[in-house]
Amino acid sequence: MTGGIDIMAEGGCDEEPAGGEPDREPDPSDCLRTWGAVQQALREHAGYSRAEFADLVCFSKHTVESVELGRRMPDESYVVRSEELLGNTGALRKSSKYVTRGRGDVGLAAWFRQWARLERVAESLCTYECRLVPGLLQSEGYARAVFEGTVPVAPDDQLDEFMARRMERQRMLFERPTIPFSFIVEEHVFRRRFGDADQMRGMFDRVLELSAPRNVTLQIVPLEAGLHACLDGALQLLETPKGQRLAYSEGQQNGRLISDPKEVSFLYQRYDTLRSQALNSKDSRGLLERLRGEL
């Protein structure tokens, strides 16, 4: 990787430099850790063990532990039920509005974290996928099936973290309505079966929902399209607020962030060529609806 990469946090603060510690698990934000500690203190004061509290708020013991240690964002339902059980003073509910993940890296593979920080501030994001439904478009059932199929097998508490991070990351599509998101996905990805028919329908419904906003474009490469310029593998492209174009490619247990202008230019050319060969947005949605109807 060559060239300098500017990584700016959403709040305007500098992120960890590109030459930092890519394999270090990031610390939770101070506010997330503080909220968890306060909730834990209130739970203990009320006389509940973690297991008892988990049953009452309808979450797993692992989830309660992750929240209290600042490793996981508390879900809205978790906050509401905790508030009701622990005095109903409004403190937990009101303070939860100010809780953030900090760098937002929890639950992400080490080699993907730098790219994840970049995509949160990108001025545009393009994704070509030939292996599976892109993470930003996955249903909960699909995402869980992917995580449960990983080797080595992840423990339950890590699965909760992965799921929370995946679903939270999808909020970008709605929270950044002026940023263009482009997805090009091979048709065979949507034909690959998982779970039962209801789970497959849930996957199609979620993809159709997330690709509906005007700033999101989904194009499918039909099976009859034949060979094309992106056969080397999945690809992501983005443009930073300062106009720098970057690319990311991923393989087995590794990922590569590409900043060399000449190499990135070639990858953009490949993506643009494939965009002209794929179905347009309307026809792509029509294909998804037909595949859903065949279940």
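All heavy atoms count here, side chains included; hydrogens, waters and symmetry mates do not. Position 1 is the first residue of the sequence, and the numbers go up from there.
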Exercise for review: Hey, could you give me the CG/OH distance between L246 and Y268, rounded to the nearest 0.5 Å?
Suggested key: 7.5 Å
Review point. How would you list, by chain and number, every residue that makes a side-chain contact (heavy atoms from CB on, under 4.5 Å) with M167, sequence neighbours excluded?
Key: E140, A143, Q170
Exercise for review: Give, for atom CD1 of I220 and atom CG of L287, the distance between the pair rounded to the nearest 0.5 Å.
Suggested key: 4.5 Å
Point to revise | Pairs meeting criterion salt bridge (charged side-chain N to carboxylate O under 4.0 Å, His left out) with involvement of residues 261-281, two or more places apart | key: D232-R270, R256-E263, D272-R275
Practice item. Tell me, with the steps shown, if F181 and S211 meet side chain to side chain contact (heavy atoms under 4.5 Å, CB included). Key: CA-CA 9 Å; F181 292 87; S211 61; over 6 Å; no
Check your understanding: CG of L218 to CG of L210: how many Å apart, nearest 0.5 Å?
Key -> 10.5 Å
Practice item. Please identify each residue that fulfils side-chain contact (heavy atoms from CB on, under 4.5 Å) with E44, with sequence neighbours left out. Key: Q40
Review point. Is there a donor-acceptor pair closer than 3.5 Å between any side-chain N or O of S124 and the backbone N or O of P180?
Key: no
Study note, to complete from the structure: Applying salt bridge (Lys or Arg N to Asp or Glu O under 4.0 Å) to E129 and not counting sequence neighbours gives R131
Exercise for review: Determine, stepwise, if the pair S60 / D160 fulfils side chain to side chain donor-acceptor pair (under 3.5 Å).
Suggested key: CA-CA 9 Å; S60 70; D160 289 340; 3.3 Å; yes
Point to revise | Stepwise side chain to side chain contact (heavy atoms under 4.5 Å, CB included) check, L136 with L125 | key: CA-CA 11 Å; L136 288 176; L125 183 68; 3.8 Å; yes
Practice item. Describe, in one word, how the ring planes of Y78 and F59 are oriented to each other, choosing from parallel (under 30°), tilted (30 to 60°) and perpendicular (over 60°). Key: perpendicular
**Study point:** Residue pairs, two or more places apart or on separate chains, that pass salt bridge (charged side-chain N to carboxylate O under 4.0 Å, His left out) and touch residues 276-295
**Key:** D205-R292
Point to revise | Test item: Q219 side-chain N/O and L279 main-chain N/O as donor-acceptor pair under 3.5 Å | key: yes
Point to revise | For F194, side-chain contact (heavy atoms from CB on, under 4.5 Å) partners two or more places apart | key: Y142, A145, Q199, M200, M203
